[in-house]
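Here is the structure we will look at, set down as structure tokens.
One is the number of the first residue; the rest follow in order along the sequence.
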Amino acid sequence: MFCLEPRKPSLCKSEALTNERARATLSVLKGVIVSCYGPSGRPKQLHNGLGGHVCTTSQSSALLGNLPVTHPILKILTTSVQNHVSCFRDCGLFTAILCCNLIENVERIGLTPTTAIKLNKHLLNLCTSYLKSEACGCRIPVDFSSTQILLCLVRSILTSKPACMLTGKETDHISALILRAFLLTVPESTEENVILGQSIIVPLKGQRVTDSTVLPGLLIEMSEVQLRRLLPIQKSSALKVALFCTSLSGDFPDPGEGSMVVSYGVSLENAVLDQLLNLGRQLVSDHVDLVLCQKVTHPSLKQFLSKHHIIAIDRVGVALMEPLSRVTATICSLLLCNRNDTAWDELKLTCQTALQVLQFTIKEPWVLLGGGCTETHLAAYIRHKTHNEAESILKDDGCTQAELQLMTEAFCSALESLAGSLEHDGGEILTDMKYGHCWSVQADSPSVVNWSDLLSQCGCGLHNNQEELSWSFLRSSGNSFAPQTCFPHAAKDSTSNLTVDCLTAKLSGLQVAIETANLILDLSYIIEDKN
């Protein structure tokens, strides 16, 4: 028996962000994400209360993928970030925190959503134009004749993921391996349309991280017996390989609702086996040395191939089929080791991120300064720009200069708060009044002191305390000044220990964060189906 219930009417709520529950849930999500941000971020352990897989991570892809959200506003935010991460793999936490900061700041200053959205678009255009310009003071060109900047980029990604549980020596080792794996996928030819190869990550769990290595080509798992048969083979030319993406087991497909007509006296099993053996004879006549099958190979076919000195490997799996089909391109295998399954899973995600970020540098050979310096430098630039060129920015869009200054302060405060999110131990964040870089001081430092005695270098590592600089606390640095640029000589002297970010991923994250904040601010009604 079953009972029928009448459909419940949909629930319509107005003024989404003025709802206390919406603000509270947004604040909670922001707190979780902020606490994971940066090299000293706190990893989160996610698991189902009923048991099952446990995920320890500080990465946005794993965090948001395993964190169930029910509020519609949070769903918009998390979906936008996940879409960004699926394309760029990096800067997911940056995107989410900046979006939350902007929403909170706009709600606090009291501008109408229409005005705030319009001004946000102006400020976004200022940011992207500056970051893409030659005059930008927070980006460094990637010199492919040297590996220093590329190594800094990979090392910065690895150190920002504490759940990988790497020591300094291990970080350097994995950084070098990732860079080598990337370089092995770059073809030697210099054609206009360069097609990059692929790096396959092979798991070796429970071993030392320093045992990880990179090998050119593709590794395929096989039994020791098969390996002994293959090793004596000595050929002056390459092995001839046959690749099958279908099953060679001889099983019959399910006819579904149809039927299969078989003549009297015919054995389907024998007929299929005969066809498989005919295939084997064709492989022998074609002088094939190695047969690879995605699925299962019939034992009789294996035995037949073995008698003719052909190695047959089945159950290769769908993950290796694409690289196997492109094996005559530039492909390498990264044998990745870590102490346990949890740390290995996090390290694998991080290596995949680093490999994709390196690919972006070919299209856009620039990196941004990391450690919060791009955010504080950009905030200083935007403040100075809007203070001195307000009329040209606004033009005829109906906004006043007072509204622009309010929105500018909210926008710059969101960027500076993002830089402040890198500090998790109660320390203070300062910014210098020359370059607009981010500096961190420990929590137990004396209140009245010469700052140069406490500050060793800025967040990105480009500047040190030997320069004649003046500092102010981050949240009290509302004064407008034009941040200076010192490239390229200072960058060349410090490239061995710089903290840098991917320009392509961060530009996308900046755009996604602001556009998502605008979308959420523009929400007038939320309609929920309660059935």
Residue pair A414 / N105: nearest heavy atoms and the distance that separates them: N-ND2, 3.4 Å
How far apart are the closest heavy atoms of P43 and S58, and which atoms are they? CA-CB, 4.1 Å
Thinking salt bridges, do E416 and R383 make one under a 4.0 Å N-O criterion? yes
Are any side-chain N or O atoms of T374 and backbone N or O atoms of G370, one a donor and one an acceptor, separated by less than 3.5 Å? no
Does R208 offer a backbone N or O that forms a donor-acceptor pair with the side chain of N338 under 3.5 Å? no
Can a salt bridge be assigned to the pair K121 and E515 using a cut-off of 4.0 Å between side-chain N and carboxylate O? no
Between Y435 and H377, does the ring centroid distance fall short of 6.0 Å? no
Using every non-hydrogen atom in the two residues, find where T185 and C332 come nearest and quote the distance to one decimal. CG2-SG, 4.2 Å
Quick one: does any side-chain atom of H84 pair with a main-chain N or O of D90 as donor and acceptor, under 3.5 Å? yes
Given 3.5 Å as the limit, does a donor-acceptor pair link the side chain of K44 with the main chain of R42, or not? yes
I'd like to know if R139 and E134 make a salt bridge, using a cut-off of under 4.0 Å between side-chain N and carboxylate O. yes
Test ring-ring contact (aromatic ring centres under 6.0 Å, His included) on F94 and Y37; report intermediate values, then the result. CA-CA 8 Å; F94 164 88; Y37 192 51; 7.5 Å; no
Is it the case that K385 places NZ or CZ above or below the six-membered ring of Y130, under 6.0 angstrom from the centre and within 45 degrees of the axis? no
Residue pair T350 / Q59, side-chain donor-acceptor N/O under 3.5 Å: yes
